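Reading through the structure tokens given below for one structure.
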Amino acid sequence: MGGVRMGKDPKTSILNEWNQMHACKNVFVTDGSCMTSTSTQNPSLTYMALTARAVDYAVSQMKKGEI
Amino acid sequence: MNINRRSAIRYFIIVGAGAVLLPTCKPSPKKISAYNNISIDEDQQAMLAAIAETIIPDTNTPGAKGISAHLFALQMLNDCYEQKDRNRFLTGMQQFNKDVKDKYKKSFVECSPDEQKIIVAAMNSQKDAKDDAAYFYNILKGLTVQAYTSSKYYLTNVQEYKLVPGRFKSSVPV
Amino acid sequence: MGNNTNTFDAIVIGSGISGGWAAKELCEKGLKTLVLERGRNVVHNKDYPTTNMMPWEFEHRGQIPVDIADKNPVVSRCYAFREDAMHFFVKDTEHPYIQQKPFDWIRGYQVGGKSLLWARQTQRWSDFDFEGPARDGFAVDWPIRYKDIAPWYSYVEKFAGISGNKDGLDMLPDGEFLPPIELNDVEKYFQNVVAKNYNGRHVIYGRCAHLTEPQKTHYDQGRVQCQNRTLCQRGCPFGGYFSSNSSTIPWALKTGNMTLRPYSVVQEIIYDDKKNKAAGVRIIDAQTKVVTEYFANIIFVNAAALNTNLLLLNSKSNRFPNGFGNDNDVLGKYVAFHNYRAHINAKCNDFTNVTTEGRRPTTAYIPRFRNVYKQETDFLRGYAAGFGAYRGIQHDTSGFGTELKDALASKDLGSWYVGSHMMGETIPKESNYVSLDANKKDEWEMPLLNINVEYDDNDEKMVKDFQEQMTEMYTKAGFTDIHVDDSKHAPGLDIHEWVVCVWVKTLKHLY
């Protein structure tokens, strides 16, 4: 997991809170590489939830003309 | 392997007439071509079948012979064992064969059922697998048991395997 | 979007557990979506060749032939790499990578990816997890909290179908559960022992993606109740567990908006300097080696953690000379994993008057109890654990002849055995990273991935603590013959193993 981590600060992370690239707004990463930390739980359910959430955001941004 | 009945009779006659001639009269046994990693001939294969059958006999239900356990054992040996283990198995097999012949003056296959049981009982009571023959026996026994307990016969008639259990009961009285 | 046949509204790279979800959601929202998968297509049911095979139909009864194991040492260490599912795993030899430090990289290159092979255990995160890095001062703070993701957990749980029990634990929030899969008597007993002896330690029903009581939404997907086969890794003809193949991919297909392209190895995400955004992707066909470009407005990267790193690192442009989106040199770093090294097995001499019947796809689960509310040990974070009890027919194979044959026909039960394994959090560090090899490439022109990931002192302490704490808990339960084990296996093996390890070890005791 990790390597393309989420974070608040573009200086120290690759993705924002929507799994959207800080530096390129139309690219989203929602597999295990986005994980800032791993915790102890089996991770797949969290990937699913992050993905559905990110798609919802991406499509709403697209409709607003932001992407 | 089926021994042709007439040739078996002739064979015993020859034995009766004079055992000295035997090696030259009997053609060397045919190699089994099915296995690319192990060298096994028909006589050796027959011996494995007979040992397996002594370990798990056919009674009124199939045993090692009924499910061809020795063929499974050879397939596993050929495909799933490291070369050094295969070699040790084969060395142990030859050792076993020699020990039997030294003691009984005939092969394991030729021994009577009672003699075969005595031989296997002796092997079975050995705890020390450092001996190649014991190693051979232990591997063969393990594979015979695996062949039997994973056979269609066993898993449908003795301990039933359910492909689709359909449920889990968490507490069942014994 | 345009009239070019290579242009779509959205592209999804990868069709595994997250890619399948991206495809479903994008297609449902009306976007024409191209799903690129580097491996072959695996159609639900049609492409599960071993799914209905009986044990005796496997030439080696499940065992991997030694020439395959010797050539593929990494994948052979995965518990699920057996004769019945080996066709769903990447062989080491076909897709090399460079282990600067030992790392068991387990991959499934086909439509559905590893969602066919996963351990199907599904627990929500809590704020104790999301707040971890900030509280304990490692990595960076998560940009989200539990409240941000909670409704989306509910959303995916309802569709995927998650069985579990509402336990009301603050470190493991409840979800939208189908009925739980029962614990057996020994597991319930241990649950009580732990509850009586410890504050904050819980033994709960495993939560897993199995349909214990299918709802309309599951029937609509063509899935029915889990039949307790526990042959999940072969692909399930009932759709009893959640996979991309049984669920999200056919669902996306049904919208008419999905184009699925197997054998598509994405080499690069293309950056458009004029529009300041990604234009699309360049792929090479895995079979024909023909290179093609596809374009879209939105790109979802779901190639699985390490391959996503590889793809982004390899996507270089004037704008991103160090890899796509990598303005800060963070890309490829802070890789972390789960520590599965420790196991503990024992014998339970009671409960001789009961057993179980049938099979089940999960066991009990022990949520993290270390350092939850505050830092209390000499290591950071903690571990969860699987816990299971098992009783089976035990044969005495010491004899031979009719004695042995009779023994093998016996239905006499042996003792109960219990087993547990740790699932430890590891700390993401800059020094645990992946990078592109400067010289070596695979046959699809992709640089090989260098993997530089290892355990540290925190992990060693955690292994020891798991062993000590579980030994204490087992002792309080009166379990005997306690055997602790540290496999010391390399990081990776990221198909999270579950109870299988327990049973394999238990069976070794029996024979």
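Chain naming here is simple, since letters A, B, ... match the order of the sequence lines and numbering starts at 1 in each. This is a predicted model, so every value here is computed, not measured.
- Neither the backbone nor the side chain of Met462(C) comes within contact range of chain A, judged by heavy atoms closer than 4.5 Å.
- Heavy atoms of Asn326(C) lying under 4.5 Å from chain A belong to its backbone as well as its side chain.
- Proximity to chain C (any heavy atom under 4.5 Å) is shown, for Asp56(A), by both the backbone and the side chain.
- Looking at Arg5(A), only its side chain comes within 4.5 Å of chain C, counting heavy atoms on both sides.
- Heavy-atom pairs under 4.5 Å with chain C peak, among Gly32(A), Ser39(A), Ala23(A), Ser33(A), at Ser39(A).
- Relative to the six-membered ring of Phe159(C), Lys24(C) meets both conditions, a distance below 6.0 Å and an angle of at most 45° to the axis.
- Comment: Arg319(C) engages Asp327(C) in a salt bridge, judged by a side-chain N to carboxylate O separation of less than 4.0 angstrom.
- Val4(A) has its side chain within reach of Asn309(C): a pair of non-hydrogen atoms, C-beta onward, lies under 4.5 Å apart.
- Note that Arg145(C) lies outside the cation-pi zone of Phe130(C), set by a 6.0 Å cut-off to the ring centre and a 45° limit from the axis.
- Below 4.5 Å, heavy atoms of chain C meet heavy atoms from Leu45(A), Thr46(A), Tyr47(A), Met48(A), Ala49(A), Leu50(A), Thr51(A), Ala52(A), all part of residues 45-52 of chain A.
- Formation of a donor-acceptor pair under 3.5 Å by the Asn297(C) side chain with backbone atoms of Asp9(C) is not found in this model.
- The candidate with the highest count of non-hydrogen atom pairs below 4.5 Å against chain A, out of Phe337(C), Trp142(C), Tyr153(C), is Trp142(C).
- Looking at Lys25(A), there are no atoms closer than 4.5 Å to chain C (heavy atoms on both sides), in backbone or side chain.
- Under a 3.5 Å cut-off, the side chain of Ser60(A) and the backbone N or O of Tyr57(A) do form a donor-acceptor pair.
- Using cut-offs of 30° and 60° for the angle between ring planes, the Phe320(C) and Phe324(C) rings count as tilted.
- Heavy atoms closer than 4.5 Å to chain A are found in the side chain of Ile162(C), but not in its backbone.
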